[in-house]
Structures are given as structure tokens and as C-alpha cells.
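What follows is a single structure, written as C-alpha cells, with notes after it.
Because the structure is a prediction, the values reported are computed rather than measured. Both counts, for ligands and for their atoms, begin at 1 and track the order of listing.
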Amino acid sequence: MLSKRPKGLLIVISAPSGTGKTTLTRMLLEEFPHMEFSVSFTTRPPRPGEVNGKDYWFVSKEEFLKRIEEGDFLEWAEVYGNLYGTSKSQVLKALNEGKDVLLDIDPQGALQVKENFPDAVLIFILPPSLKELERRLRKRGTDSEEVIEKRLKIAREEIRRAPLYDYIVVNDSLEVAYARLKSIITAEKFRSSRFLENAPFYIQDEELLRLLTGGEDGKEDTLRANS
Ligand code: ADP
Ligand code: 5GP
């Protein structure tokens with residue numbers, strides 16, 4: 001029996017619109033029931049098929065500004081002329097319940113999260129080329145020509161921020177990109193600092209735990225004694 005759930009991982013994913021971020025995050029959420037998508041607040045009107053509370057919390061500008069004032073957001077930013085923000089209480093609640101939380105936010109927001117939450121894992125998804133990005137935006141069929149041009153221009157700005165992220169994944173083949181994403185998440189869970197914080201979840205042997213966490217066990221430290 002596992003003694004408790006390890007504290008959740010805060011995973012931030014950014015990518016230029018059309019790269020495949022929604023597709024990849026849906027795959028993660030389907031495979032990992034303990035992962036939670038953080039539903040952002042936005043002042044953007046819903047697109048056909050979008051559901052309030054599932055895709056976004058759609059709110060008025062007045063309500064959004066009130067929430068900023070009340071300190072409700074972990075981060076917020078203006079993207080494509082609309083306001084977007086991540087609910088602080090929703091994220092902290094899920095992490096404390098041991099859920100991994102996935103944020104799909106833009107680079108301005110991602111860097112704010114890293115500042116307030118250095119433990120967060122920032123992943124930037126790149127398209128294989130700008131030409132392919134344009135093709136995917138057209139294939140998705142949700143934007144007008146004017147909006148596509150605007151998104152491509154902003155994509156160049158966003159890509160300049162990719163070096164500030166912890167990881168960069170190219171979404172060429174969807175299966176390969178997904179495998180890369182999963183291996184990053186797995187590796188982060190076993191980073192020694194995070195592993196030690198959650199050691200009782202993985203290890204039930206009391207002596208082993210004491211050795212790992214530097215607890216007293218009455219034995220001489222032979223590595224040090226022999227050096
Ligand atoms: P984003 O959320 O980054 O804006 P989407 O997930 O909506 O992007 O993907 C944009 C379009 O590209 C969709 O039509 C999607 O099916 C397609 N797509 C996603 N990943 C790939 C891939 N690796 N190869 C080809 N097409 C892809
Ligand atoms: P869309 O309107 O196409 O759903 O999203 C536009 C952009 O806003 C995407 O880059 C998306 O990642 C970003 N975004 C969505 N939610 C948030 C949020 O809560 N905060 C920030 N900073 N960006 C967000």
C-alpha cells in the first residue's frame with residue numbers, strides 16, 4: 001500500500017497557436033486521470049463548441065479586472081487583445097490533492113508562473129517549421145485569413161521566448177512528440193529533490209527512508225570515514 005500521494009507537478013505548456021498544444025494536452029489528460037487541466041478565465045467570447053467551465057471560464061472585462069484586484073490569479077496576461085488568467089486557488093487545491101496540473105498559457109504567463117513558483121516545469125512546443133505551422137492553422141479551420149496572419153506574426157515573437165523554458169519539444173510526428181512530453185514529465189517526478197520530498201510514497205522501508213532523509217540510524221557514515 002502506498003502511504004500518500006506525492007505532491008502534484010505543475011506543468012506549464014506553451015506553443016504558438018496551431019502547433020498542436022491542445023491535441024497533445026488532450027492526449028495527456030486522457031491517459032493520466034490524475035492530471036488536471038487548469039481552466040483559465042478569459043474575456044474572449046466563446047468559439048462554437050466551447051463550453052463554459054470546461055474550455056474556459058468566460059467572463060466580462062469588469063469581472064476579470066475585479067479578480068485581478070482581489071489577487072485571484074497566479075498569473076494573467078493580455079493575448080491577442082483579450083485577457084487571460086490562471087486561478088490561483090484552483091491550481092493550489094489540485095496540487096495539494098496530489099494531482100499534476102497542466103497550464104496551457106502564453107509565454108508572458110509562463111514566465112510569471114516560473115517567478116512565483118520556481119518548481120513549475122516549463123515546456124515549449126515548437127512546430128517543425130513556420131510553413132507547417134501555417135498549414136496546421138489553415139487545416140484547423142477556426143480562424144479567418146486575417147487572424148491567421150496575426151497568429152503567425154505573434155508566433156515569431158513567442159518562439160523567441162522558447163530558450164527561457166526548461167524543455168523544448170518539436171511536434172513533428174504527433175506520436176514522437178507525445179512520447180517526448182511523457183518522458184519529460186516522468187523524469188521531473190524522479191528529480192532527486194522532488195523524489196526525496198515524496199519518498200514515503202515510493203518507499204515503505206523505514207531504514208531506507210532514514211538513510212535517504214539523513215535521519216539518525218546510529219551507524220557510522222563509512223563513505224565519509226574512509227575518505
Ligand atoms: P494549438 O492548440 O497549439 O493551437 P491544435 O492542437 O488545435 O493546436 O492543432 C492544430 C491543428 O494541427 C489541428 O488540426 C491538429 O489536428 C493538427 N496537428 C496537431 N499536431 C499535429 C502533428 N504532429 N502533425 C500534423 N498535424 C497536427
Ligand atoms: P485561445 O484564445 O486560442 O484559446 O488562446 C490564446 C492564447 O492564450 C494561447 O497561447 C493560450 O495558451 C493562452 N492562454 C490561455 N489561457 C491562458 C491563461 O490563463 N494565461 C495566459 N497567460 N495565457 C493563456
Which ligand 1 atoms, with their elements, are less than 4.0 angstrom from a heavy-atom of [X]?
X	result
T22	1 (P), 2 (O), 6 (O)
T19	3 (O), 8 (O)
T23	5 (P), 6 (O), 9 (O), 15 (C), 19 (C)
L174	20 (N), 23 (N)

Considering all heavy atoms, the nearest A199-L209 contact: CB-CD2, 3.6 Å

Before signing off on this row, confirm whether [X] and ligand 2 have an N or O atom pair separated by under 3.5 Å.
X	answer
E75	yes
F41	no
W76	no
Y56	yes
E50	no

Considering [options], which one's heavy-atom position lies nearest to [atom]?
atom	options	answer
atom 22 (N) of ligand 2	D106, T22, V147	D106
atom 26 (N) of ligand 1	E132, R26, K139, R140	K139
atom 24 (C) of ligand 2	I105, N82, L111, D143	I105
atom 6 (C) of ligand 2	F73, Y80, W57	Y80

Ligand 1 N/O within reach of R135 N/O, cut-off under 3.5 Å: no

Basic-acidic side-chain contact under 4.0 Å: D166, K114: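 Answer for the salt bridge query: yes.
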
R44/D55 under salt bridge (charged side-chain N to carboxylate O under 4.0 Å, His left out): CA gap, chis, key distance, verdict: CA-CA 12 Å; R44 153 168 97 58; D55 299 287; over 6 Å; no

Among R136, R138, K131, side-chain hydrogen bond (donor to acceptor under 3.5 Å, both in side chains) partner for E134: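 Single pass found, and it is R138.
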
Distance in Å, E115 CD paired with E75 CD, rounded so as to fall on 0.5 Å steps: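 Reported value, rounded in 0.5 Å steps: 12.0 Å.
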
Any donor-acceptor N or O pair under 3.5 Å, side chains S17, R140: yes

Close side-chain approach of V147 and S144, heavy atoms under 4.5 Å: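 V147 reaches S144 side chain to side chain.
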
Exam field: side chain D205 to backbone L208, donor-acceptor pair closer than 3.5 Å: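 Side chain of D205 to backbone of L208: a pair is present.
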
